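Just so you know, these numbers come straight off a predicted model, no measurement behind them.
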Amino acid sequence: MNSVFCGIDWATDHHDIALLDETGTLLAKLLDLLARHGDNPDNPIPVAIETSHGLLVACLRATGRPIYVINPLTAARYRDRYALSRKKSDHLDAKVLAHILRTDPAEHRPLPADSHLAQAITVLARAQQDAVWDRVQTGNRLRSHLREYFPAFLTVFRHFREGLASPVSRTLLAAAPTPTQAAQLTRPQLRAVLKKAGRQREITGEVERLHALLREPQMHQPPQVEQAMGTKALALLRQFEAACTSADELEAAAVDAFTTHQDAEIITSFPGLGHLTGARVLAELGDDHTRFTTARALKAYAGSAPITRSSGRKTTVLARHIKNQRLVSAGYNWAFAALTASPGARAHYDHRRAAEERHVAAQRNLFNRLLGCLHHCLTHHIPYSEQTAFPNTT
């Protein structure tokens, strides 16, 4: 049982640190005084902090001490217990965090002891996910801008799966950012554009298609305005190119790191979980298998399990809004892909839909089922089994 508790209110330029004893008395405010108050490898002083990232957390983790990451909203609620005037200071916040460990340690979980490889996968997978979101946002801005002066360009690549993100569309827009310039492209120039974009098959047919579509009559902005809009399109295209390149490079790095992890084989044995989605799942779960003692805890963390509100005679079951949004995003892709990769998952989804559940609810329920299977497989170090996961599927 610890008799000293530490709270840290972190900032970019300084950190406020408070040490309390078991009665709540302030002992010290400096980190280097931890050792003076009984900190040792056999009984390290636990630390409460509002972030799980940064050099300070890395240094604290290296000491092997328990680190409790407290949600800032939770800390704000605790602050009202010690300051009715609602005053706020960094020192008070540090004391509040230490009081949280002193009074309610069982209500909070320590930071999981993930391996360095798992932490690296987390950095890469989250950065890749951010790059994808940036790519979508920048692509939407570019698409919206093209509609204002060059809507015909959007119809040219409507049948492409990547849309504007395809190498051909980006290369062609860079070569001809305005309708006037696009209509002046010759067949040899279009052939050169396709080869520059990496197109290797059916080039002649694609050249003829582009040559005809880009010369169809369409409305134009005034020449000077059109040229200005073309210049803006090139600026947006450069941002879009950077986002696409970042997403591709980070995907390769995340997949390379993921394939070397010991849990990769188990994770990718699940239907619908490829290397990239598997890396995202591992990034959010970590490889400390004691982090979630039950599958129910994991499902609550992922937001796939519903939440029950009960008061008097009224009980309602609602979707959970406080959840790991990155894991939810990966889980949506996972469940969607599993519909075609697993007969059992498809039957489970169809059964929920037959019970008049909406698509989102049925897919969330499938994700919830798969998460329970994943927790079991990772805990027992066994691969996925279709017969065990969905035994009633014919």
**Q** Got a salt bridge between D130 and R135, using NZ or NE/NH1/NH2 to carboxylate O under 4.0 Å?
**A** no
**Q** Just to verify, what does T138 make a side-chain hydrogen bond (donor to acceptor under 3.5 Å, both in side chains) with, not counting sequence neighbours?
**A** none
**Q** According to the interplanar angle, ranging from 0 to 90°, do the rings of W334 and F270 count as parallel (below 30°), tilted (30 to 60°) or perpendicular (above 60°)?
**A** perpendicular
**Q** Just grab all the salt bridge (charged side-chain N to carboxylate O under 4.0 Å, His left out) pairs involving residues 118-129, residues at least two apart or on different chains.
**A** R126-E284
**Q** Which atom names give the shortest non-hydrogen contact between F367 and S304, and what distance separates them?
**A** CD2-CB, 3.8 Å
**Q** Taking side-chain hydrogen bond (donor to acceptor under 3.5 Å, both in side chains) as the cut-off, I'd like each qualifying pair that reaches into residues 240-251, sequence neighbours left out, listed once.
**A** R170-E241
**Q** Over 60° means perpendicular and under 30° means parallel, so tell me whether H376 and H380 are parallel, tilted or perpendicular.
**A** tilted
**Q** Hey, could you give me each pair passing side-chain hydrogen bond (donor to acceptor under 3.5 Å, both in side chains) that has a residue in residues 142-153? Not counting sequence neighbours.
**A** N140-R143
**Q** Working to the nearest 0.5 angstrom, can you tell me the gap between I266 CD1 and I382 CD1?
**A** 8.0 Å
**Q** Taking side-chain hydrogen bond (donor to acceptor under 3.5 Å, both in side chains) as the test, write out the residues that go with H289, two or more places apart.
**A** D263
**Q** Please collect all salt bridge (charged side-chain N to carboxylate O under 4.0 Å, His left out) contacts where either partner lies in residues 175-192, sequence neighbours excluded, each pair once.
**A** R187-E208
**Q** Tell me the salt bridge (charged side-chain N to carboxylate O under 4.0 Å, His left out) pairs involving residues 109-118, sequence neighbours left out?
**A** none
**Q** Can you list the residues that meet the side-chain contact (heavy atoms from CB on, under 4.5 Å) rule with H220, with sequence neighbours excluded?
**A** P179, T180, Q218, E226
**Q** For residues 266-278, which residue pairs qualify under side-chain hydrogen bond (donor to acceptor under 3.5 Å, both in side chains), counting only residues two or more places apart or in two chains?
**A** none
**Q** Does anything in residues 338-360 form a salt bridge (charged side-chain N to carboxylate O under 4.0 Å, His left out)? List the pairs, not counting sequence neighbours.
**A** R346-D350, R352-E357
**Q** With sequence neighbours excluded, tell me which residues meet side-chain hydrogen bond (donor to acceptor under 3.5 Å, both in side chains) with N365.
**A** H348
**Q** Restricting to side-chain hydrogen bond (donor to acceptor under 3.5 Å, both in side chains), what partner residues turn up for H359, sequence neighbours left out?
**A** Y349, Q363
